[in-house]
Structure formats: C-alpha cells, structure tokens
2 protein chains.
Amino acid sequence: MKTRNICASTLIFFAFSLHAETGYKAWLRYAPLDEPALTQYRQLTPAVIVALSDAGPEASARDESIRGLRGMLGRTLRAESAIPKESAVVLGTLDEFHRAAPQFHLDANLAADGYWLKTVADGPLHYTVVAAANSRGVLYGAFALLRKIALGESIANLDEKQSPTVPVRWVNEWDNLNGSIERGYGGLSIFWDNLHAREDLSRVNDYGRMLASLGINGCAINNVNANPRVLAPDFIPQIARIADAFRPWGVQVAISVDFASPQTIGGLDTFDPLDPKVAAWWAAKADELYRAVPDLGGVVLKADSEGRAGPSTYGRSHADAANVVARALKPHGGVLFYRGFVYDHHADWRNLKNDRARAAYDNFHDLDGKFDSNAIVQIKNGPIDFQIREPASPLFGTLPKTQEAIELQVTQEYMGQARHLVFLVPMWKDTLDFDMHTRATPAPVKSLVHAFVGVANVGLDDTWDGNNLSQANLYGFGRLAWNPDLSARQIVDEWTRLSFGLDRKVDATIAEMQLSSTRTYENYTGPLGLQNLTDITGNHYGVKVEASENNGWGQWHRADDKGVGMDRTMATGTGYIGQYAPAVANLFESLATCPDDLITFLHHVPYTYQLHSGKTVIQSIYDSHYEGAETVEEYVRQWESLRGLIDEQRYNQVLAQLEYQAGQAEVWRDAVTTWFFRASGIPDRKGRVDHYPGRVEAESMKLEGYNVVDVTPPEDASGGKAVSCPAAQCAATFRYDGAAGWYTLHVEYFDQMDGVSHYRLLINGQLIDEWGAAAQLPTRTLDSTSSTRRLITGIALRPGDQIRIEGKPDGRETAALDYVEILQK
Amino acid sequence: MKTRNICASTLIFFAFSLHAETGYKAWLRYAPLDEPALTQYRQLTPAVIVALSDAGPEASARDESIRGLRGMLGRTLRAESAIPKESAVVLGTLDEFHRAAPQFHLDANLAADGYWLKTVADGPLHYTVVAAANSRGVLYGAFALLRKIALGESIANLDEKQSPTVPVRWVNEWDNLNGSIERGYGGLSIFWDNLHAREDLSRVNDYGRMLASLGINGCAINNVNANPRVLAPDFIPQIARIADAFRPWGVQVAISVDFASPQTIGGLDTFDPLDPKVAAWWAAKADELYRAVPDLGGVVLKADSEGRAGPSTYGRSHADAANVVARALKPHGGVLFYRGFVYDHHADWRNLKNDRARAAYDNFHDLDGKFDSNAIVQIKNGPIDFQIREPASPLFGTLPKTQEAIELQVTQEYMGQARHLVFLVPMWKDTLDFDMHTRATPAPVKSLVHAFVGVANVGLDDTWDGNNLSQANLYGFGRLAWNPDLSARQIVDEWTRLSFGLDRKVDATIAEMQLSSTRTYENYTGPLGLQNLTDITGNHYGVKVEASENNGWGQWHRADDKGVGMDRTMATGTGYIGQYAPAVANLFESLATCPDDLITFLHHVPYTYQLHSGKTVIQSIYDSHYEGAETVEEYVRQWESLRGLIDEQRYNQVLAQLEYQAGQAEVWRDAVTTWFFRASGIPDRKGRVDHYPGRVEAESMKLEGYNVVDVTPPEDASGGKAVSCPAAQCAATFRYDGAAGWYTLHVEYFDQMDGVSHYRLLINGQLIDEWGAAAQLPTRTLDSTSSTRRLITGIALRPGDQIRIEGKPDGRETAALDYVEILQK
C-alpha cells in the first residue's frame with residue numbers, strides 16, 4: 001500500500017495542544033465543537049476522504065480537511081485514493097471528477113479558483129463533493145467546507161458554487177531583506193533574515209495556509225522600496241525556497257524590483273525602458289527567474305515615487321516603464337503591478353493651488369490604453385496615503401482601458417500601528433461601494449478593479465499582526481478580495497466566530513467593538529476629513545497637528561486661526577474635485593451636498609461653519625474627540641465583560657491593549673482639542689477643552705531634582721510642559737485637598753524607546769504602586785507617542801494627603817511626568 | 001511623615017497581573033470578587049488599616065491585608081500608625097490594644113499564636129479588630145480574615161476566637177545542600193544550591209507566607225539524612241540568611257543534624273552522648289547557632305536509623321541521644337525532635353516472627369519519661385512508612401510521659417509522587433481520629449500528640465509540589481495541625497474555593513475527586529492492607545509486587561500461592577497487635593472484628609477467605625483494582641466537564657496529569673491482578689483478569705527490527721514481554737480484522753528517563769499520530785514505571801487495515817512497545 005505524506009504530525013498536536021491560545025492559529029483554530037453540534041456534524045461527516053489528485057493544493061486540501069475535522073470533531077478521516085463504496089468526502093477538479101466519477105454528473109462552469117460544494121447521493125451513500133475549476137479551487141472549497149462547520153452552518157444537501165470576483169488577489173509584504181519590515185508591527189520578517197531567506201520557513205508555510213484559507217493567491221515577499229539585490233543571480237535561489245514553502249497552498253510568489261536594476265545589477269549603462277538592451281535584460285532576467293520559480297506570480301514596481309528610480313530619468317512614461325517589465329514576464333504568464341502612488345514630495349506649500357491629491361490622476365490618466373494587458377496599475381484606495389478618511393481615488397474612474405488593482409493597507413501604518421483597535425473593513429467598504437458615476441449604470445469602485453492587493457506586513461509575532469484583534473483586518477481583506485459584496489458585519493461576524501467561538505455574548509460584543517472602531521479612531525484622531533493629524537514626517541503614530549504643514553509632503557489641512565481645510569473645489573481651489581465624474585464632482589463641490597465626513601478634505605471652512613449635523617466645525621471637532629476617547633474607555637468595560645468567556649492569554653493581551661489605547665485616545669483628545677482651541681480661540685460649549693478638573697500638572701508640584709521642560713509640540717503635553725529628571729532619582733510631590741473618598745489616580749508619564757525608567761507612587765509615605773516604563777513606543781522624545789497613562793484604582797484619599805511620585809531614569813529615558821489626575825471613580 | 005516599608009510592589013503587580021495562573025499563588029490567589037460579593041465586602045471594609053506594631057509578623061499582617069484586599073476588592077487600604085477617627089481594620093496583640101485602645105475593652109485568654117476577630121462598634125464607626133496573644137497570632141488572624149472574604153463568609157459583627165491545638169506546627173524539608181530533594185517531586189530546592197543557600201531567597205519568603213497562612217510556625221530546612229556540614233562554623237551564616245527570609249512570617253528555622261557531628265565537625269574523638277566533652281560541644285554549638293539565629297526553632301535528629309549514626313555506637317539510649325542535644329537547646333528555648341523511625345533493615349525475612357511494624361514501640365516504649373521536656377519524639381502516623389493503609393502507630397499510645405509529635409508525609413513518596421491525584425487528608429484523619437483506648441475517656445491520636453510535623457518537600461516548580469491538585473495536601477496538613485477536628489470535607493471545600501474560586505460546579509467536582517482519590521489510589525495499588533505493592537527498594541513509584549519480599553527491609557506482605565498477609569496476631573503471629581491497648585488489640589486480633597481494610601496487614605488469610613464485604617480476598621483484590629482504574633478514567637471526564645470554568649494553564653496541567661494517571665492506574669490494575677491470578681490460580685469471577693479483548697501484544701505483531709524481550713518483573717508488561725528496538729528505527733505491524741467503525745487506539749509504550757524515543761502510528765500508510773517519549777519518569781528500564789499510555793481517539797477502522805507503529809530510539813531509550821488495544825469508544 002502506498003505511503004502518503006500527510007501532515008498528520010502538526011494536525012494531531014494542533015488538535016490536542018495543551019498550550020494556551022496565543023493567536024497564532026488566528027481564524028483557523030478548529031476548536032472542538034460543543035454538543036449538540038458535535039454529534040450533528042459527526043453524523044453528517046463520512047469516515048473517508050479522497051483527493052482525486054495526490055499533489056499540490058489538492059493534497060493540501062485533503063490534509064487540511066483531515067486536520068480541521070480532527071480538531072473540530074475529534075475524528076481522523078481515512079485518506080483513500082479511490083472513491084470508496086461508502087460515504088466519503090471527495091475532492092477534485094471538474095476534469096478529475098469527469099474521469100473518476102462520471103456517474104456524479106458534475107457539470108458546471110466555474111471561474112478559475114472557483115469551487116462547488118455539492119452533496120451527491122448514491123442510494124444510502126452520500127458523497128460530500130468539493131469540485132473546482134483548478135486545484136487551487138479545490139483547496140479553497142475545502143477551506144469553505146471547514147469554515148461552514150466552524151460557523152455552525154449546515155453541510156447537509158450542499159449545492160453551493162462560489163467564484164472570486166477578480167482573478168488576482170495578492171498581498172504585498174514590505175519586508176526588507178535584512179529582516180526588518182517597513183510599517184510592520186508584528187515583529188521581524190517571516191521571510192528574510194540578514195539578506196537571506198530564513199533557515200526555518202515553517203512560518204511561511206503556515207502563512208500560506210492562512211492566505212489560502214481566504215483565497216489569496218499571490219504574495220510579494222519584499223519591500224516595494226526594493227533592494228536591487230533581489231534580482232542578483234546568487235539571490236534568486238532564496239526566492240525559490242520561499243516559493244517552495246508557499247506552493248502547497250497555491251500562493252504564488254511575487255517580488256518587488258528596483259527599476260534601475262538593469263544598471264545596478266545588470267551592469268548596463270542605462271535603465272531606459274525604451275533601450276533594447278534594457279528590454280533584453282529584463283527578458284533574460286525573467287527567464288532566469290522562471291527557471292528558478294516556474295510559477296512566479298510576477299513583479300511589483302514602485303518607480304518615480306518617494307525617491308525611487310523611474311522612467312522620468314529618461315523622459316519616459318510610466319507605461320513605458322511598466323511595459324518593459326510586463327513584456328518580459330508575459331511569456332511566462334507573469335503580471336506586473338505598477339504602483340500608482342506617484343507624487344511630488346517637494347511641493348511648494350505656499351501655493352494654494354498645489355495638491356498632492358491630484359497626483360495619481362495627473363500622472364496616469366493620460367496613459368489609459370497604453371499599458372500592456374499584463375500590466376496592472378496598483379491604486380491606493382484614496383488619493384493621499386491610507387488616511388482614516390479619504391474619498392475614493394479619482395483614478396479608479398479614469399482608466400477604463402487599463403487593468404486596475406486597488407491597494408488596501410492591512411497593516412495599520414496610520415491606524416494605531418496594531419496598538420489601537422481599528423477595523424479597516426468599513427473604511428474599505430466605503431471606497432469599494434463608492435459609485436464613481438463614470439457610466440450610466442452604477443460604477444462602484446469594486447466593479448472597476450481587476451485585482452486586489454493588501455499590504456499585510458505580518459511578522460514573527462505569535463499573533464502575526466502584533467495583536468489579536470488586528471487579525472480581523474487581514475481576514476477582512478481576503479474575504480473582500482474574494483467577494484467585495486460581503487458586508488463589514490458579515491465579515492466581522494465570521495471572523496469573530498472563527499477566532500473566538502460561538503458564544504453569543506462574545507460574538508456580539510467583539511463584532512460591535514470592531515464595527516464601531518473605525519469611526520471611533522476617526523473621532524479621536526482626525527474627524528471631518530482632517531486626515532490623521534499625526535506625525536507624518538516621523539513615526540506616523542502620535543499626534544502632531546502641524547506636522548503636515550509648511551513642508552513639501554502635501555498632506556496639508558491648512559488650519560489657521562479662522563478655519564480649516566484644503567480648498568479642492570473647481571471654483572476656487574485646486575480643482576481636484578474636477579477629477580471626478582460630474583455627478584460626484586457636483587456632490588463634492590457644493591457645501592450644501594458635501595458630506596460632513598469629507599468637509600475639510602474638500603473645502604476650507606471657518607470654524608464657525610455649521611455642518612449638516614447642526615454643529616459648528618469647531619464644536620464638532622471637540623465633540624468627536626471626547627466621544628472617541630469615551631468609546632475606547634467603554635471598549636475596556638465591554639472587553640472586561642468577556643472575562644472567563646475567552647481563553648486567558650488572548651483575553652489578557654487584548655485587555656492590556658485596550659487599556660493602553662484608552663490612555664492614548666485621551667492624549668489624542670487633549671492634544672487635538674487644545675491645538676484647535678488655541679488656534680481658534682473658540683471655547684468648547686461643554687466646557688471640557690483646556691479645563692481638566694482634578695488634574696495637577698507635574699510642573700506645579702514640589703519638585704526634587706526634576707526640571708520643568710517644554711514639550712514639542714506643546715499640545716503633546718498637558719500645559720505644554722513636563723518634568724524630566726536629569727539625576728539618578730527625582731521626586732514630585734503635591735498635597736491633596738479634596739474630599740475624603742475612594743479615587744482613581746491617573747498618572748500621565750512618558751515611556752520612550754530607550755531604557756526602562758521606574759516610578760513609585762506613595763501617599764503619606766505608603767508605597768501604593770510602582771511600575772516600569774517598559775513599552776517599546778516609536779519615539780525617543782517626550783511627546784504624544786511616549787505619553788502613557790497609568791491608572792491606579794481604589795485609592796482612599798483624605799484632605800492633607802501628600803501624594804508623591806518618585807522617578808528613576810534609565811538610559812536615555814528621563815522618568816518624565818506630565819500630570820496626575822484624581823478621578824472620582 | 002514616616003515612610004513605611006510596605007510590600008506594595010509585589011502586591012500591586014499581583015493584583016493586576018496579566019500572567020496566566022500557574023499555581024504559584026496556591027490558595028493565596030486573592031482573585032477579584034464577583035458582584036454582588038464585591039459590593040458587599042467593599043461596604044464592610046474600611047479604608048484604613050492600623051498595625052499597632054510596625055515590625056515583624058504584625059507588619060506582615062498589615063501588608064498582607066493590604067495585598068489581599070487589593071486583590072479581592074480592588075482597593076488599597078491606607079496604612080496608618082494610630083487608630084483613626086474613622087472606621088478601620090486594627091491589628092495588634094492584646095497588650096498593644098490595652099495600651100493603644102483601652103476603650104475597646106479587649107480582654108481574653110488566648111493561647112500563643114491564637115487570635116480574636118472582633119468587630120468593635122464606636123458610634124457610627126466600626127473597627128475590625130484582629131487581636132492576638134502574640135504578633136504571630138496577629139498574622140494568623142489577618143490571614144483568617146482574608147480567608148473569610150475569599151470564601152464568601154460574613155465579616156460583619158465578628159467575634160471569633162481561634163487557638164491552635166498544639167503549640168508546635170512544623171514542616172520538614174528533606175532538601176540536600178546540593179539542591180536536590182530526597183523524595184521531592186516539585187523541582188529543586190528553594191533553599192539550597194551547590195552547598196550554599198540560594199542567592200535569591202524570594203521563594204523562601206513566599207513559602208513563609210504560605211506556611212504562615214496555615215499557622216505553621218517552624219520549618220526544618222535540610223534533609224533528616226543530614227549532611228554534617230550544616231553545623232560547620234562557616235556554614236551557619238547560610239542558615240541565618242534563610243531564617244531572615246522566613247522571619248517576617250513567624251516561621252522559625254530548624255535544622256536537621258548528624259549525630260556524629262561532635263566527631264565529624266567538632267574534631268572530638270567521640271560522639272557518645274554521655275561524654276561531657278560531647279555535651280559541652282553541643283552546648284557550645286547551640287550558643288553559636290543562636291548567636292546567628294536568635295529565634296532558631298530547634299533541631300531534628302534521625303539517629304540509628306537506615307544507616308545513620310546513633311547512640312547505639314556507645315550502647316546509649318535514644319533518650320540519651322535526644323537529651324544531650326535538647327539540653328544544649330534548652331537555654332535558648334529550642335526544641336529537639338527525635339525521629340521514632342528506627343528499625344532494623346537487615347531483618348531475617350525467613351523468620352515469621354520478625355516484624356518491622358513492631359520496631360518503633362520496641363525501641364521507644366521503655367524510654368517513656370526519660371526524655372527531657374523539650375525533646376519530642378517524632379512518630380510517623382503508621383508503624384511502617386507512609387503506606388496507603390496502615391493502622392495508627394501503637395507508639396502513640398505508649399508514651400504518656402513523653403512529648404509526641406505526629407509526622408505526616410505531605411510529599412507523595414509512595415502516593416504517586418505528584419503524578420497521581422491522592423488527597424492525603426482522609427488517610428491522616430483516619431489516624432488522628434483513631435481511638436487508642438489508652439484511657440477511660442476517648443483517646444484519639446490527635447489528643448495524644450503535642451506537635452505536628454509535615455514532610456513537605458516543596459520545590460522550585462511553579463506549582464511548588466509538582467502539580468496543582470497536590471497543593472491540597474500541604475493545605476490540609478497545615479489546617480489539621482492548627483485544628484485536627486476539621487473534617488476532610490471542610491478542608492477540601494476551603495482549599496478548592498480558595499484555589500479555584502466559588503463556582504459551585506467546580507467546587508463540587510474537585511472536592512469529590514479529592515475526597516475519593518485516597519480510596520481510589522488504594523484500590524488500584526494495594527487494597528486490604530496489602531500496602532503499596534510498589535518497588536520499595538527502588539523508586540517507590542511503579543508496581544513491583546515482590547519487591548517487599550525476601551529482603552531485610554521488612555515491608556513483607558507474604559503472599560504465596562495460598563494466601564496473603566502478615567500474621568501479626570498475638571496468638572500465632574508476630575505479636576504486633578499486642579502493642580495496642582486491649583480494646584484495640586482485641587478488635588484487630590479477631591478476624592470477626594478486624595476491618596477488611598487492614599486484614600492482610602494484620603492477618604495471613606487464604607485467597608478464598610470471605611471478607612465482611614461478602615467477597616473473597618482474591619475477588620476483592622480484582623474488583624478493587626478494576627474499580628480504582630475506572631474511577632481515575634472517570635476523573636478525566638469530570639475534569640473535562642470543568643473546561644472553561646478554570647483558568648487555562650491549570651486546567652491543561654491537571655488534565656494532562658489525570659490522563660497520565662488513568663493510564664498508570666491501568667498498568668497497576670493489570671500488573672497486580674495478573675500477579676495474584678498467577679499466584680493464586682483463581683480466576684476473576686467477572687472474567688477480566690488475564691483476558692483483554694481488543695488487545696494485540698507487540699510480541700505477536702510482524703516485527704521489523706524490533707526484538708522481543710522479557711520484562712522484569714513479568715507483571716509489569718502485558719504478557720510479560722515487550723518489544724525493544726536495537727536499531728536506528730524499527731516497526732511493528734498487525735492486521736485489523738474486526739468490524740468497521742469508530743475506535744480509540746490505546747498504545748502502551750515505554751518512556752524511560754534517558755532519551756526521547758519517537759513513535760509514529762500509521763494505518764494503511766496514512767500517518768495518524770506521532771509522539772515523543774519525553775516524560776521524566778523515575779526508571780531506566782522497561783517496567784511499570786516507564787509503561788505509558790497513548791490514546792488515539794476517533795479512528796475509523798475497516799477490516800483488513802494494516803496498523804503499523806514505527807519506533808525510533810534515542811539515547812538509552814529503545815522505543816519499546818507493550819501492546820495496542822482497540823477500544824470501542
């Protein structure tokens with residue numbers, strides 16, 4: 001009897017694992033079902049599984065089915081090679097079924113990668129058929145069948161056909177060959193280490209499995225800001241190793257390349273795309289690549305953008321650049337993604353007509369029809385750069401003769417960097433469903449694109465993304481890439497149940513948190529189309545309202561003492577609105593119809609301008625920020641209500657994250673509202689801004705050793721100042737004179753990257769709390785990024801109490817303090 | 001204002017710890033209370049705590065109260081030094097209360113270490129008073145108050161006085177100075193490493209806290225088989241360091257000493273206890289010890305036992321030996337524990353009148369009245385050595401003029417060594433409550449002893465004892481030492497609720513498992529007073545029915561082909577029964593009244609003898625073993641019913657332990673029943689013994705590379721044989737010819753200490769399971785200790801299936817196999 005190489009080792013240990021849930025399994029937990037579902041599914045599931053082919057994704061489909069059913073049902077199916085005279089799960093392509101089981105009469109037209117789940121009765125026997133157009137489709141169908149069981153959906157009398165909306169569904173990983181990841185928040189690269197593919201590529205295999213479970217069929221494995229070395233002859237075997245790890249999962253490898261490679265790697269004296277030498281070099285390089293990786297998916301190219309080499313060096317067009325590479329790939333079936341993210345980052349900010357949002361359109365719309373059929377223009381969802389609120393990029397509507405990809409950023413570059421809960425699907429849905437009005441019938445973005453690209457940037461962290469809740473973004477990207485008609489709620493419901501089980505309270509609570517998180521984040525960062533108001537020239541994380549202004553990067557919001565917003569109208573502004581079809585342009589152009597959410601993105605309005613909501617712009621900014629911060633505080637309470645209903649490790653990890661986020665949301669709230677209050681001089685109608693009852697500024701305390709320092713920008717610290725310890729140890733003391741009672745102390749301190757300062761809080765000499773500033777936040781200075789909250793609950797205060805904080809610096813960290821707030825709760 | 005050194009650092013991190021529950025906190029978890037208890041206790045708990053003394057155990061009492069209330073109520077009490085004009089918790093000795101708060105009128109007679117919890121109302125204010133005879137009592141009272149809250153008991157209108165039954169409540173730790181522990185199953189020593197006290201003694205501090213929570217006031221910190229070095233002048237500072245770590249918890253350090261120390265350490269030419277030089281040496285050594293450790297509790301002495309030096313060298317008595325040391329300790333208030341565990345381990349087994357059970361009585365009863373008042377004879381609960389079923393030692397009843405201590409073994413030397421769940425309290429209670437009938441009024445053992453000693457042997461393992469459920473034994477020992485009238489159920493209820501919370505299902509399930517576990521272990525090891533039937537000359541763990549026979553150690557059961565048991569009668573046997581008072585002796589002497597549980601301990605009876613239960617001896621042995629093994633299997637199911645109700649790590653640890661134990665119980669069942677079946681030739685009436693449907697012996701399979709080997713003793717393997725792999729890899733294959741269906745495969749293999757063999761199980765070439773033999777079981781051979789079960793559930797078998805096991809040896813481990821059993825479940 002033939003021995004099969006079934007991945008039973010991992011599958012068994014998976015099912016019986018006694019280890020805590022770390023998040024590593026993501027939505028593929030295959031947790032044991034509870035009764036009565038267990039009994040029901042056991043009755044419906046046969047004992048035999050047959051894959052009509054014993055190779056490639058079909059073999060993976062069989063092994064994954066065995067693994068998943070083992071986990072959920074506690075039963076190991078028999079892997080047989082021929083359809084048995086008993087009920088069985090049978091996996092195969094339509095062609096294979098026609099040969100092996102003509103009696104099943106499986107006739108269907110399925111798109112590539114599509115599948116058909118079908119129950120075929122044969123007398124008392126029943127065959128659970130997973131049929132597909134190709135072997136990858138068989139794998140996707142097997143995952144779909146497992147998902148149904150995990151979600152508690154019926155698998156009796158199946159007859160369901162599914163095909164993906166677009167044929168190309170890729171992730172991009174911005175992994176550098178040294179193992180770091182540009183905009184990666186889940187640890188170091190799973191692919192690269194020290195300019196080589198990692199010795200142990202088991203994480204790549206596991207990642208391939210996750211991608212396949214979503215129907216993602218390609219992965220670009222290095223940073224779009226590409227190291228030319230990726231095309232060096234001695235490096236190509238490294239790519240092949242990674243492709244080998246992905247191949248069982250039907251995930252094709254792609255690479256990002258540097259456009260100057262013919263010169264830097266090839267030794268030519270030019271990289272002019274119209275030079276025949278250059279074209280020949282790309283063709284030969286493609287041949288070389290495909291000898292090593294016969295199923296290479298293709299190439300991603302970022303050119304003439306943010307300092308990358310590009311065709312402009314030779315006065316050539318983006319189409320010229322794309323086509324020279326695309327033509328080299330064409331004979332091998334490869335595709336070329338050409339990034340549309342091209343703009344001038346040295347724009348003159350004094351010219352009110354300049355507008356970065358116009359750049360993609362301006363650069364590409366004339367090139368429609370000039371790209372080869374296997375060259376795809378990869379367009380970010382919005383015209384700027386993954387901000388929390390942007391209109392759909394006008395470019396989507398203006399390249400009818402060009403293959404378009406929508407690029408969505410799964411990694412949370414501007415979205416809290418996996419320290420904040422921000423579910424991106426509702427935002428993506430806004431773009432995908434946005435009607436560009438470029439034809440008589442509805443023209444939502446999702447109907448215009450031919451490919452989906454998600455910038456995933458997973459890492460070696462156990463959670464892949466840096467935290468457990470952020471996994472919903474990768475899941476959501478994959479599901480939308482397969483079927484963009486799915487709603488955000490459908491997606492989050494699936495993800496939550498797969499990731500946390502079928503407890504109704506758990507599912508309802510997490511789904512609501514995820515769904516509201518996008519608006520919440522917008523509320524406490526940049527509402528009304530302000531964009532993120534973050535440090536755009538620095539870490540893209542903390543608050544820095546003015547970071548966008550007075551520089552050439554073009555993310556201007558143009559707030560001054562009278563009003564705020566970019567005038568992008570046709571009438572008086574940059575004319576950006578004119579890049580849209582008239583129906584959209586008219587909607588945006590008129591203040592009467594422009595949505596509140598985009599008002600300052602499209603118009604410059606006075607702070608006193610009254611929104612559709614009935615509020616003034618300034619009051620709306622104040623209210624949004626307070627509402628956002630309060631909602632995150634509420635997330636903490638909601639999550640705490642799930643204690644005991646979720647496995648311990650994930651419960652604790654998420655709780656710690658939400659508590660941190662709640663503190664950060666307050667930092668954002670205070671910084672942004674303070675900045676706009678100072679700019680506008682208009683007080684908050686509710687009396688909250690610049691008025692913090694119970695707050696004692698560190699600079700007002702009795703200081704021993706501490707120096708008072710100015711914080712830059714001033715809105716990053718309460719009162720614009722902090723205290724910083726230049727000695728081995730310092731202390732700040734104040735006297736409490738309020739009423740006796742139970743309180744929570746909120747200590748705002750600064751936790752920089754370098755060193756772990758230690759703090760102690762004492763009341764009347766009694767040590768109440770101590771902690772270390774041990775987080776790795778992306779800053780070396782005292783600012784909103786390092787500003788961190790410590791809550792000390794259940795403290796009895798009496799009038800006259802001496803409250804003292806002792807700080808002990810470490811390394812370059814100065815045990816700095818911002819304030820203490822005494823809260824009545 | 002004065003700064004106090006309150007241990008707030010640990011307390012805060014404890015309360016907010018995001019780490020998994022590892023068992024480290026044992027019964028002192030101080031887990032947050034759920035509503036409505038939280039609100040109720042918050043209302044009853046004042047905001048201020050006052051310790052009338054700021055030093056020693058009283059300071060610990062205050063800090064522990066703050067820590068515990070912080071954990072359970074989420075509130076940090078204010079530590080003040082004077083009784084405030086508001087409600088407060090007030091801690092102090094009666095003397096301190098008389099001085100500081102005469103208005104409280106706290107008058108009581110409390111024994112040393114006793115406490116009084118009392119609510120004192122003062123107008124609208126109320127003071128929760130913890131008053132005590134001494135500062136240690138204050139600490140015990142504080143723990144009692146915290147325990148009440150954790151258990152959900154009322155703390156309103158307190159008026160409860162508690163005093164310990166005996167003044168001396170110690171643990172002994174058999175820790176060697178090199179860091180190993182004789183009979184320790186929870187990791188290496190918390191005290192010693194490489195002949196020094198450990199650098200980091202924080203574990204000792206934490207252990208002191210655990211001991212104090214139970215009212216244990218002394219700890220002997222080195223093995224009773226003492227290294228003489230413990231008394232070397234340069235070593236004594238090491239003892240002082242450990243005493244410093246224990247002191248805040250009122251735990252006095254004691255040491256075990258070697259009786260030849262005057263010669264080996266002192267350089268004298270003798271250690272004759274009646275030699276004045278020797279007495280002077282002990283006196284000087286005591287002075288030296290007390291200079292280093294002024295509160296040293298005393299000394300433990302094992303002499304003339306199992307090869308230790310003793311007074312017999314000079315023809316002196318045990319009293320002489322005890323008194324020479326006791327007199328040296330007397331001026332300092334120290335006590336001397338003299339172990340009664342003295343017997344001849346070279347006894348002639350052919351002499352049916354020889355009897356080790358007689359030894360303690362024979363050696364000590366003539367010495368009654370000859371021991372000094374601070375010399376305590378330390379007597380094991382039974383006359384042999386911590387076996388699962390022994391009568392109370394007759395010595396308890398025969399030393400009316402001597403201070404007696406009962407020595408209970410908390411560490412599970414013969415009780416599964418922390419791999420088996422065995423709750424020892426019911427067994428201890430049997431002895432403590434046993435009426436010795438030595439006076440007209442009831443004379444239970446608990447009324448005869450003056451001290452409790454528990455051999456605890458905790459280690460560096462996170463669980464202290466090697467597993468979470470075994471912690472109940474240390475808890476139970478401490479509680480009984482304080483109050484031996486507590487029932488096993490009271491104790492286990494307390495422990496379970498403190499350790500796992502107040503869920504009713506959890507509490508009921510765990511309590512029932514614990515309470516029945518003693519009988520269960522007896523059932524599958526040695527019922528009817530057979531003793532443990534373990535490898536008494538080896539690891540004291542696995543089955544070895546004949547290990548006790550034909551050697552001088554005297555743990556004989558004298559089983560032969562006709563019957564079993566030691567004839568200890570006065571009429572025809574060793575006369576041991578005559579060591580008891582007549583009422584007891586008469587009960588034991590007559591078969592008509594001798595309890596079934598002790599029948600073979602006291603009598604030699606034919607296998608066909610009919611017990612009070614109505615069964616024959618042999619059938620009772622068979623039935624007990626099957627019942628015991630089934631009950632452990634049931635424990636697994638019971639524990640699984642608690643999934644999700646217990647924190648993940650402890651749930652998983654205990655589940656793995658119980659699954660292992662269930663396999664071991666089968667090994668025991670099969671080995672003992674097989675042995676007695678072979679010896680007696682009497683078949684099991686229920687047809688189970690030597691008849692194993694579905695079992696396929698490895699030696700009957702088709703072997704590739706495997707050799708058939710004899711296992712010694714033969715009952716340790718099914719059929720007396722196993723297969724062992726002398727090559728790099730071997731395989732054993734057999735054909736399944738039963739009915740088609742779903743099955744569980746039970747693979748019995750051997751997991752020795754050295755190496756990690758790997759096994760793979762394949763069906764028709766499909767890899768179904770693989771595992772490594774990675775347990776650290778105390779054996780290097782193929783025997784019942786290494787015999788281990790692997791259960792593979794949910795397997796679909798069809799007639800004709802080839803079942804194949806591949807084994808890959810590692811190191812000295814030979815990937816050996818015993819059998820495969822195919823179970824219909």
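The sequence lines fix the lettering, A, B, ..., with proteins before strands; numbering per chain opens at 1.
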Trainee: Given the options A/A796, A/A740, A/G794, which has more heavy-atom pairs under 4.5 Å with chain B than any of the others?
Mentor: A/G794

Trainee: Using the test side chain to side chain contact (heavy atoms under 4.5 Å, CB included), find all partners of B/R643 that sit at least two apart in sequence or belong to another chain.
Mentor: B/Y651

Trainee: Any chance CD of A/Q824 has more than 12 other-residue heavy atoms, nucleotides or ligands included, within less than 6.0 Å?
Mentor: no

Trainee: Any idea which of A/R798, A/E86, A/R42 has the most non-hydrogen atom pairs under 4.5 angstrom with chain B?
Mentor: A/R798

Trainee: How long is the straight-line distance from CG of A/L767 back to OG1 of B/T76, given to the nearest 0.5 Å?
Mentor: 10.0 Å

Trainee: How long is the span from the CZ atom in B/R70 to the CG atom in A/D769, to the nearest 0.5 Å?
Mentor: 7.5 Å

Trainee: With sequence neighbours left out, write down each residue that passes side chain to side chain contact (heavy atoms under 4.5 Å, CB included) with A/T39, or none if nothing qualifies.
Mentor: A/E35, A/Q43

Trainee: So which atom in B/I763 and which in A/R78 form the shortest heavy-atom distance, rounded to 0.1 Å?
Mentor: CG2-NH1, 4.4 Å

Trainee: Just checking B/R637: does its CZ atom have more than 12 heavy atoms from other residues, nucleotides or ligands closer to it than 6.0 angstrom?
Mentor: yes

Trainee: For each of A/L797, A/D647, A/L73, tally heavy-atom pairs with chain B at distances under 4.5 Å, and name the one with the top tally.
Mentor: A/D647

Trainee: Can you tell me if CD on A/Q802 sees more than 12 non-hydrogen neighbours from other groups inside 6.0 Å?
Mentor: yes

Trainee: Checking the side chain of A/E648 only, and the main-chain atoms of B/E21 only, is there a donor and an acceptor separated by less than 3.5 Å?
Mentor: yes

Trainee: Please find the pair of heavy atoms, one from B/A47 and one from A/W742, that lie closest to each other, and give the distance.
Mentor: CB-CZ2, 3.5 Å

